[in-house]
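Notes for the one structure printed next.
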Amino acid sequence: MQKKEKSFGIQMLSVKPDTKPKGCAGCNRKIKDRYLLKALDKYWHEDCLKCACCDCRLGEVGSTLYTKANLILCRRDYLRLFGVTGNCAACSKLIPAFEMVMRAKDNVYHLDCFACQLCNQRFCVGDKFFLKNNMILCQTDYEEGLMKEGYAPQVR
């Protein structure tokens, strides 16, 4: 059975001077600072609640942390490690969230898959491409398809 990822809120609380100091879940020492963080039903020093990957202070980067595989992570590293952007419209394989992609309307493509789906010509920056019947086409194949359908594109 696969564990599901979870996101949790982070609260910053003021420590009241007349209360008994709470123990930090990160270092196990008493929290005597002016502020503490509450996350995962535990209390933390601001310096102790950090992302397991990039070591950023989670109380500073947002109000949410993520857990999976016994790791506490910031959103960026969680998505980088475990997220997916969806399936490639050309090859149908999953695209990891950290991978660079190309987009055309609602379609997402691996960089290597972003090519004319008839002649396999890869597109470079600035190249024209066309989306027809959910297929990406180079200008030549798009225009040839229009001619076969009985009307030529207007050339300007």
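Keep in mind that this is a model prediction, so the values were computed, not measured.
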- [ ] Hey, could you give me the CD1/CG distance between I72 and D77, rounded to the nearest 0.5 Å?
- [x] 13.0 Å

TODO: Under the side-chain hydrogen bond (donor to acceptor under 3.5 Å, both in side chains) rule, collect the residues that match up with E60, sequence neighbours excluded.
DONE: R57

Task: Cluster overlap L58 with L37, hydrophobic side-chain contacts below 4.5 Å - done: yes

TODO: Please tell me if the side chains of R75 and T64 come closer than 4.5 Å, counting only heavy atoms from C-beta onward.
DONE: no

Task: Distance, nearest 0.5 Å, that separates SG of C56 from CZ of R76 - done: 8.0 Å

TODO: Check whether F129 and L146 end up in the same hydrophobic cluster, where Ile, Leu, Val, Met, Phe, Trp and Tyr are linked by side-chain heavy atoms less than 4.5 Å apart.
DONE: no

- [ ] Name all residues meeting the side-chain contact (heavy atoms from CB on, under 4.5 Å) criterion together with F8; count only those two or more places apart in sequence or in a different chain, and write none if there are none.
- [x] K6, L40, L65, T67

TODO: Give the cluster check for Y142 versus M135: same hydrophobic cluster or not, with ILVMFWY residues linked at side-chain heavy-atom distances below 4.5 Å.
DONE: yes

Open item on the list: Under the rule for side-chain hydrogen bond (donor to acceptor under 3.5 Å, both in side chains), what residues qualify as partners of Q121, not counting sequence neighbours?
Closed with: none

Open item on the list: Show every salt bridge (Lys or Arg N to Asp or Glu O under 4.0 Å) that has at least one partner inside residues 96-111, sequence neighbours left out.
Closed with: none

Task: Minimal non-hydrogen separation, F123 against K128, with atom names - done: CE2-O, 3.7 Å

Task: Heavy-atom pair of closest approach, residues L81 and C53 - done: CD1-SG, 3.5 Å

Open item on the list: For the NE2 atom of H45 and the NZ atom of K50, what is their distance to the nearest 0.5 Å?
Closed with: 12.0 Å

TODO: Please answer whether the main-chain N or O of C138 pairs with a side-chain N or O of D141 as donor and acceptor at a distance below 3.5 Å.
DONE: no

Open item on the list: Count I, L, V, M, F, W, Y as connected when their side-chain heavy atoms are under 4.5 Å apart, and connections chain through other members. Are M12 and Y43 then in the same cluster?
Closed with: no

- [ ] May I ask you to test the I10-W44 pair for a side-chain heavy-atom distance under 4.5 Å?
- [x] no

Sequence neighbours excluded and cut-off under 3.5 Å, please list the side-chain donor-acceptor pairs for residues 107-119, or say none.
| from | atom 1 | to | atom 2 | distance (Å) |
| --- | --- | --- | --- | --- |
| N107 | ND2 | Y109 | OH | 3.2 |
| N107 | ND2 | N134 | OD1 | 2.9 |
| H110 | NE2 | L94 | O | 3.4 |
| Q117 | OE1 | I136 | N | 2.8 |

Distance-only criterion, 3.5 Å: show the donor-acceptor pairs between side-chain atoms of residues 20-30 and protein atoms not counting sequence neighbours.
none

